[in-house]
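Here is the structure we will look at, set down as structure tokens.
Worth saying up front: this structure is predicted, and the values here are computed from it rather than measured. FYI, the numbering just counts along the sequence from 1. Below, all heavy atoms of this structure are taken into account, side chains as well, without hydrogens, waters or symmetry copies.
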Amino acid sequence: MNTIKSYIAQNKERFLNELFDLIKIPSISADSSYKNDVLKTAEIIKESLEKAGCDTVEVCQTEGYPIVYGEKIIDKELPTVLVYGHYDVQPPDPIDLWTSPPFEPVIKKTDKHPEGAIFARGACDDKGQLFMHVKALEFMTANNQLPCNVKFMIEGEEEVGSKSLGTFVKNNQARLANDVILISDTGMIANDTPSITTGIRGLSYVEVEVTGPNRDLHSGLYGGAVANPINILTKMIASLHDENNHITIPGFYDKVEELSREERDEMAKAPFSLEAYQNALAIESVYGEKGYTTNERNSIRPTLDVNGIWGGYIGEGAKTVIPSKAYAKISMRLVPNQDWAEITTLFKSHFESIAPKGVKVEVKPHHGGNGYVTPLNSIGYQAASKAYAETFGKTPIPQRSGGSIPIVALFEEELKSKTILMGFGLDSDAIHSPNEHFGVWNYLKGIETIPYFYKHFTELSK
């Protein structure tokens, strides 16, 4: 691997420009008006994999957006790494909070990225991190340093729940057979403190609808006599947490994994400044479940959050109405052992049961997935740890993440292989938010580190 740094230096501008071309396409899977852009992005991923050295690449059609499958098989007796990623992105709203157009990537310097960061939707999640793997493969094939087989499975529906992926995986188990799954869709603690994500939370996402009268009513003529769906909805939502910010849904915590004091103490060794955390978010204090630290609340504890709420009149000026309907979108982040389908059922039953007379409640499940924990004694984790140690000069810290990649648990169930989460983004990179960005240094460091994973995984597999 002694040529990897020089290869990156020689091709840095091309690596950036090719990524920019990919980012410029607004592949927003949640909005059907961008369908052609999503499909175009799949074709570009196909072309990129072919140029990087894959012998076979196919855009596989599904009931939703296509999955791009590629492979480079050099010897069937050698281990096989399956790389997963996604080419779709979150909507960029609210647009007015971006400091530059979301699909016109630009490099700007920041305190955490003094060498510059790529500002654009998808820069970190997940186009930038996905493209690291494409460029790493390019290096390995161009320099005859690919030590094992590699397969790619890149989907276009991750941001809307990976609706088609489960069926694709179940129908292509032999084709997708592998010894380890490699994903870069997470982050690390800091550029000088590498870490490997060893646990992710599950997810249950629902939408609720509260209906009162059969039409909007005059709030003077009917106020005080008819249930207001917005008032009712906010009361119902408020009741989902108690005074200690503990979730009140019966049975919600029955299967929650409780970490030992020793495990929690080990987690606490990761560098963390509460003051810096608060300053970065411009908040005076943190908030959450009593009895747990900030890093525990956002990683090893389940949560329930309202992601959006609306109803009634929200235009300019005043309109005095009691609305007929009110809505909210609610997500629950789950920890290992909590089954997302079971939690969705518990939520639906409880939320419907607490509705007062005078309104009707409907709970519409959207999507979800289960949590996952990577064992530290696995060959995959050891290979990743050695790879980071070589390029960062220090052993990475194992870290649990608060985010969710619902399909990881599915991979283990269907493909019977472990997943390694080698993320190179930072928590401050504003994924899913305005001004998402990804450090140029991080992008190139990922390209440098990934080939070492292949090297060490192959050696450890002998």
Side-chain angles (χ1 to χ4, degrees), residues 29 42 45 49 54 56-73 76 78-88 126 130 133 148-186 197-205 255 257 334-344 365-375 378-381 383-384 401 403-422 453 457 461:
S29 55
I45 294 296
L49 288 173
C54 282
T56 302
V57 187
E58 179 184 353
V59 176
C60 306
Q61 300 304 318
T62 72
E63 291 187 1
Y65 287 118
I67 292 169
V68 184
Y69 174 82
E71 63 179 33
K72 177 77 172 178
I73 307 299
K76 292 183 179 180
L78 289 172
T80 297
V81 177
L82 173 63
V83 177
Y84 164 83
H86 64 94
Y87 60 84
D88 63 323
D126 182 42
L130 160 63
H133 290 273
C148 62
N149 306 311
V150 59
K151 299 176 180 179
F152 286 82
M153 179 172 60
I154 315 300
E155 68 156 321
E157 297 180 341
E158 196 273 347
E159 299 294 6
V160 289
S162 299
K163 297 177 182 178
S164 304
L165 189 66
T167 301
F168 181 82
V169 170
K170 291 177 182 178
N171 293 340
N172 291 274
Q173 290 185 349
R175 190 182 197 184
L176 298 171
N178 65 85
D179 295 283
V180 69
I181 298 171
L182 188 59
I183 300 177
S184 294
D185 197 11
T186 51
T197 299
T198 57
I200 51 179
R201 291 192 288 192
L203 174 69
S204 168
Y205 195 96
K255 296 181 181 179
E257 175 192 43
L334 312 175
V335 296
N337 299 332
Q338 284 185 296
D339 180 78
W340 77 272
E342 182 180 344
I343 292 297
T344 302
H366 273 271
H367 60 272
N370 294 329
Y372 181 79
V373 175
T374 298
S378 70
I379 292 176
Y381 180 84
S401 168
S404 302
I405 309 178
I407 43 75
V408 172
L410 168 73
F411 289 162
E412 176 153 349
E413 179 182 348
E414 296 293 337
L415 302 178
K416 313 303 180 187
S417 51
K418 298 297 182 184
T419 294
I420 305 302
L421 300 165
M422 290 181 65
F453 173 83
F457 184 78
S461 298

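- Panel note: side chain D88, backbone E159; a donor-acceptor pair is recorded below 3.5 Å.
- The minimum heavy-atom distance linking S401 with T197 is given by the pair CB-CG2, 3.6 Å.
- Between the side chains of S162 and E155, at least one donor-acceptor pair of N or O atoms lies under 3.5 Å.
- At distances below 3.5 Å, not a single donor-acceptor pair connects side-chain atoms of Y87 with backbone N or O atoms of V68.
- At least one donor-acceptor pair under 3.5 Å links the side chain of E157 to the backbone N or O of Y65.
- Between V57 and F152, every side-chain heavy-atom pair lies at or beyond the 4.5 Å cut-off.
- Side chains of L415 and L82 form a contact here, defined as non-hydrogen atoms less than 4.5 Å apart.
- Between A42 and P66 the shortest heavy-atom distance is CB-CG, 3.9 Å.
- A heavy-atom distance below 4.5 Å is found between the side chains of I183 and F411.
- Side-chain atoms of I67 and M153, non-hydrogen and from C-beta on, do get closer than 4.5 Å to each other.
- Side-chain contact between S461 and I379 is present, with heavy atoms from C-beta onward closer than 4.5 Å.
- One distance of note links CZ of F457 with CD1 of I420; it measures 8.0 Å at 0.5 Å rounding.
- Side-chain N or O atoms of D179 include none that pairs as donor or acceptor with a backbone N or O of S417 at under 3.5 Å.
- Checking side-chain atoms of T62 against main-chain N and O of L165 turns up no donor-acceptor pair under 3.5 Å.
- Contact of the V169 side chain with the Y84 side chain is not registered, since no non-hydrogen atoms from C-beta on lie closer than 4.5 Å.
- Taking each heavy atom of V335 and R201 in turn, the nearest pair found is CG1-CD, 4.3 Å.
- In this structure the side chain of E158 reaches within 4.5 angstrom of the side chain of D185, judged on heavy atoms.
- Looking at D126, its side chain never comes within 3.5 Å of a backbone N or O of G85 through a donor-acceptor pair.
- In plain terms, the two heavy atoms of P375 and V373 that are nearest each other are CD-O, 3.6 Å.
- Going from atom CD of E71 over to atom OG1 of T56 covers 5.0 Å, rounded to the nearest 0.5 Å.
- Using bins of under 30°, 30° to 60° and over 60° for the plane-to-plane angle, the ring pair H367/Y205 lands in the parallel bin.
- Using modelled atom types, no side-chain atom of N172 and backbone atom of R175 make a donor-acceptor pair closer than 3.5 Å.
- Listed for the S184 side chain is no donor-acceptor partner under 3.5 Å among the backbone atoms of L130.
- For the atom pair CG of N149 and CD1 of I73, the computed distance is 4.0 Å after rounding to the nearest 0.5 Å.
- Separation of atoms CD (Q61) and CZ (F168) is listed at 10.5 Å; rounding is to 0.5 Å.
- Between N178 and V81 the shortest side-chain heavy-atom distance does not fall below 4.5 Å.
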